[in-house]
Each structure stands twice: as C-alpha cells, then as structure tokens.
Amino acid sequence: MKPLIPIVVVVGILHGALPTFASGPEHPLQPSAPRAVTLVESQAPPVVRAGLLQSTLIVLPAEEKVANVFAGDTVDWVFDGGHVASRFISVKPKTANTSTDIHIVSDHGNEYTLELREISSDADAHYDSKILIELGDKAAKEKLAQLPVFVPATELDKAKQDAATAQAAQAATLKAEQGKEEAYRSQYPGSLHFDYSWDEKKGKELGLQQIWRDDKFTYLRGQFQETPALYEVKDKKPSLINFDFANGLYTVPKQVDAGYLAIGKQRVEFHRNAEVK
C-alpha cells in the first residue's frame, strides 16, 4: 500500500482528468443499495467495493463536514469533494484491480479511514454506490455534540446560536417528516414537470437524455459510459450533492434549480426555465 498523500479539500478535493475508456470490465457493474459502515478506531478499516469509472459517494454524519482528506493513490483514483465544504466525498477508480486507503478528517476533529478496492474482476459485479459512515466510538459521538473545531474564535457566539437554532429546526423537521413519509410513499406525485434546459449537443456527448422533477425529487436519466459527478449550483457556487444512482437514473431528494454533470473536463449545465417555476 502506498503512503498516504494529502489532498487539498478545504474548499474542494483535487481530481484529475480521466483516461480514455478503452475497455470495460469483464461483466457489467451494478450499483448496490446504500450501505452503512460503523467505524471503530481499534478495528481494521472497512473495505469499500468500488467499480471501475463508477462513482461511490461517501457520506459523513449529518453534523459534520469534510475538513481534509489523505489518500495513498491519487494517480489511479479520483477524489472529489466539490467546491464548497460538505459532508460528501465522491471516489472513482480509473484503473482496474487497484486499491488504496482514504483518510478523512472532519470539521469536528473525527478521523475516518476506509480501504478502497476496485472490483470489476470479481465474480460479484456489485459495487458500493453510497457509503454512510456511522460512529462506533463514544468519544467520536461526543464530538458531534460540540462545536466544529475549525470555527474561528470570533464566530463562536454566532456558531452557538446557529447550532441551537439548527438543532431545534432539525428536530421539528424530523418529527414532521416522519409523520409524512409513510403517506408520501403510498402515493406517486400526479404531475411531473419537464421544465429544464441544457445544451443538447453536449448532453448527447455525455449521455444525458432527460431531466425532470416532481414536488419533492429531481431526476436525471441517461446512458453513461461512466458515471458523471453531479453538482448543484447556488449563488454561482457549485457543490457536490446527495443522490441515488441506478440503471442510468439519478434520483436527487430535493428540487434542484440549476447544476451540472461532469466527467473530467466534459460538462453539461442545466437549469429550470424561469417562466415555469
């Protein structure tokens, strides 16, 4: 295993251009359902099954954001945390049958280590599409209740007020959503809106076919040779967002007004048409 190399992720994670897709895996890769992994400092790092040229989304606990990332192999693997600090990191292997470690430091001072392994030659063609990190150590859990260690001293008072307000709002939202979730799942929205615009030539080159939304979700469908990274753009600032991906369909658990798909230097921007919002 190569020594860990720091990756700049204070406002974004370094990622390189991908090589030309010369040949695919021995069998079609399939995304697995999201998987939770419990990290315990005294135990060996859990193994994440990654698919060749397919994105695996690593999700930190809701209270945390990524402060920094270190990786052993930054040549055969792409690491992308977006341009705004968030709890999401996208990893993608560029070379078959490779492995590396990823070490994540959160803004609360917690440290997480995972072993990444590319599995395109395995008999089991399922790779991890999303990894949800859960804490197994008491000390790590206690840090989540504290203020982020990277908050400047001049902002501590404001941060305390914001944290209390956010905690109360989160509790109220969670209680309300729990009551609505079962009823919502029993009914599919009666109206879909196909009110997005994008450069169709660039979309065709990337594999994008359609974008639409309902009253709660945004969907993007296409035939992609490799999985593009998905960004939301707010106030002209792009950030990596949460999504599920299966069989060429992105499902984003929110309405996205503007964003883009990207593979290396290829990029397709999309936005909702203002007149139909």
*Asks:* Can you establish whether the number of heavy atoms outside Glu111 located under 6.0 Å from its atom CD is more than 12?
*Replies:* yes

*Asks:* Can a donor-acceptor pair be found, under 3.5 Å and without considering hydrogens, that links the side chain of Lys94 to the backbone of Val75?
*Replies:* yes

*Asks:* Quick check: are there more than 12 heavy atoms from other residues, nucleotides or ligands sitting under 6.0 Å from CD of Gln170?
*Replies:* no

*Asks:* Which of these passes ring-ring contact (aromatic ring centres under 6.0 Å, His included) with Trp212: Phe270, Phe194, Tyr196?
*Replies:* Phe194

*Asks:* Report the C-alpha distance between Arg35 and Asp128 in whole Å, list the side-chain angles of each, state the deciding distance to 0.1 Å, and finish with yes or no for salt bridge (charged side-chain N to carboxylate O under 4.0 Å, His left out).
*Replies:* CA-CA 7 Å; Arg35 178 166 68 95; Asp128 290 316; 2.8 Å; yes

*Asks:* Output, in order, the C-alpha distance, side-chain angles, deciding distance and verdict of side chain to side chain contact (heavy atoms under 4.5 Å, CB included) for Thr56 and Lys130.
*Replies:* CA-CA 5 Å; Thr56 295; Lys130 183 189 296 185; over 6 Å; no

*Asks:* Do the side chains of Ser197 and His271 get nearer than 4.5 Å, heavy atoms only?
*Replies:* yes

*Asks:* Look at the side-chain heavy atoms of Ile, Leu, Val, Met, Phe, Trp and Tyr, link any pair under 4.5 Å apart, and say whether Leu192 and Phe217 land in one connected group.
*Replies:* yes

*Asks:* Look at Asp257 together with Lys234 and state whether they make a salt bridge at an N to O cut-off of under 4.0 Å.
*Replies:* no

*Asks:* From Glu226 CD over to Ser55 OG, what is the distance, rounded to the nearest 0.5 angstrom?
*Replies:* 8.0 Å

*Asks:* Can you give me the closest heavy-atom contact between Asp195 and Arg213, atom names plus distance?
*Replies:* OD2-NH2, 2.7 Å

*Asks:* Taking side chain as C-beta onward, heavy atoms only, is Ile263 less than 4.5 Å from Leu206?
*Replies:* yes

*Asks:* Kindly give the heavy-atom pair with the smallest separation between Leu114 and Pro46, and that separation in Å.
*Replies:* CD2-CG, 3.5 Å

*Asks:* Could you go step by step and tell me if Ser121 and Asn97 meet the side-chain hydrogen bond (donor to acceptor under 3.5 Å, both in side chains) rule?
*Replies:* CA-CA 7 Å; Ser121 296; Asn97 303 316; 2.9 Å; yes

*Asks:* Passes side chain to side chain contact (heavy atoms under 4.5 Å, CB included), Lys254 versus Glu232? Steps please.
*Replies:* CA-CA 11 Å; Lys254 62 186 295 187; Glu232 180 181 25; 2.9 Å; yes

*Asks:* Within a radius of less than 6.0 Å around CD of Gln210, do more than 12 heavy atoms belonging to other residues, nucleotides or ligands occur?
*Replies:* yes

*Asks:* I want to check something: taking the side chain as every heavy atom from C-beta on, are Ile241 and Tyr231 in contact at a cut-off of under 4.5 Å?
*Replies:* no

*Asks:* Taking atom CD of Gln54 and atom CD1 of Ile119, what is their separation to the nearest 0.5 Å?
*Replies:* 9.5 Å

*Asks:* Step by step, work out the side chain to side chain contact (heavy atoms under 4.5 Å, CB included) result for Tyr112 and Glu64.
*Replies:* CA-CA 12 Å; Tyr112 309 115; Glu64 293 189 291; 2.3 Å; yes

*Asks:* Test the Arg49-Tyr127 pair against the cation-pi criterion, namely NZ or CZ under 6.0 angstrom from the six-membered ring centroid and within 45° of the ring axis.
*Replies:* no

*Asks:* Are any side-chain N or O atoms of Thr100 and backbone N or O atoms of Asp73, one a donor and one an acceptor, separated by less than 3.5 Å?
*Replies:* yes

*Asks:* With rounding to the nearest 0.5 Å, note down the distance linking CD in Glu63 to CG in Leu135.
*Replies:* 8.0 Å

*Asks:* Once rounded to the nearest 0.5 Å, what's the spacing between atom CZ of Phe79 and atom CD1 of Ile104?
*Replies:* 9.5 Å

*Asks:* Between Thr113 and Pro45, which heavy-atom pair has the shortest distance, and what is it?
*Replies:* O-CB, 3.4 Å

*Asks:* Under a 4.5 Å cut-off applied to non-hydrogen side-chain atoms, are Pro61 and Leu144 in contact?
*Replies:* yes

*Asks:* Quick check for you: to the nearest 0.5 Å, what is the distance between Ser32 atom OG and His126 atom NE2?
*Replies:* 5.5 Å

*Asks:* Using the rule given for salt bridge (charged side-chain N to carboxylate O under 4.0 Å, His left out), can you reason through Glu269 versus Arg267, listing the C-alpha separation, both sets of side-chain angles and the distance that settles it, and then say yes or no?
*Replies:* CA-CA 7 Å; Glu269 300 180 358; Arg267 174 167 160 172; 3.1 Å; yes

*Asks:* Can you confirm whether the side chains of Thr251 and Asp244 place a donor and an acceptor under 3.5 Å from each other?
*Replies:* no

*Asks:* Side chains of Phe88 and Ile58: closer than 4.5 Å at any heavy-atom pair?
*Replies:* no

*Asks:* For the side chain of Asp199 and the backbone of Lys201, is there at least one donor-acceptor N/O pair under 3.5 Å apart?
*Replies:* yes

*Asks:* State, yes or no, whether a side-chain contact exists between Tyr260 and Val268 at a heavy-atom distance under 4.5 Å.
*Replies:* no

*Asks:* What distance do Thr95 atom OG1 and Leu52 atom CG have between them, rounded to the nearest 0.5 Å?
*Replies:* 7.5 Å

*Asks:* Please test Val91 against Val78 for side chain to side chain contact (heavy atoms under 4.5 Å, CB included), starting from the C-alpha separation and ending with a verdict.
*Replies:* CA-CA 6 Å; Val91 301; Val78 176; over 6 Å; no

*Asks:* Please indicate whether Gln209 has more than 12 foreign heavy atoms, meaning atoms of other residues, nucleotides or ligands, lying under 6.0 Å from its CD.
*Replies:* yes

*Asks:* Ignoring hydrogens, what is the shortest heavy-atom contact between Ala85 and Val66? Give both atom names and the distance.
*Replies:* CB-O, 4.4 Å

*Asks:* Using a strict threshold of under 4.0 Å (side-chain N to carboxylate O), is an ion pair present between Asp76 and Lys92?
*Replies:* no

*Asks:* Which pair of non-hydrogen atoms, one from Ala140 and one from Asn110, has the smallest distance, and what is that distance?
*Replies:* O-ND2, 3.1 Å

*Asks:* When you measure from the side chain of Asp214 to the backbone N and O of His193, does any donor-acceptor pair fall under 3.5 Å?
*Replies:* no

*Asks:* Does either side chain, that of Ser120 or that of Glu118, offer a donor lying less than 3.5 Å from an acceptor on the other one?
*Replies:* yes

*Asks:* Between Thr165 (side chain only) and Asp162 (backbone N and O only), is there a donor and an acceptor less than 3.5 Å apart?
*Replies:* no

*Asks:* Taking the side chain as every heavy atom from C-beta outward, state whether Val149 and Asp107 have any pair of such atoms under 4.5 Å apart.
*Replies:* no

*Asks:* What is the minimum heavy-atom distance between Asp80 and Ala229, and which atoms define it?
*Replies:* OD2-CB, 4.4 Å

*Asks:* Determine whether Val37 and Leu132 make a side-chain contact, defined as any pair of heavy atoms from C-beta on separated by less than 4.5 Å.
*Replies:* no

*Asks:* Can you list everything that forms a ring-ring contact (aromatic ring centres under 6.0 Å, His included) with Tyr250? Sequence neighbours excluded, please.
*Replies:* Phe224, Phe243, Phe245

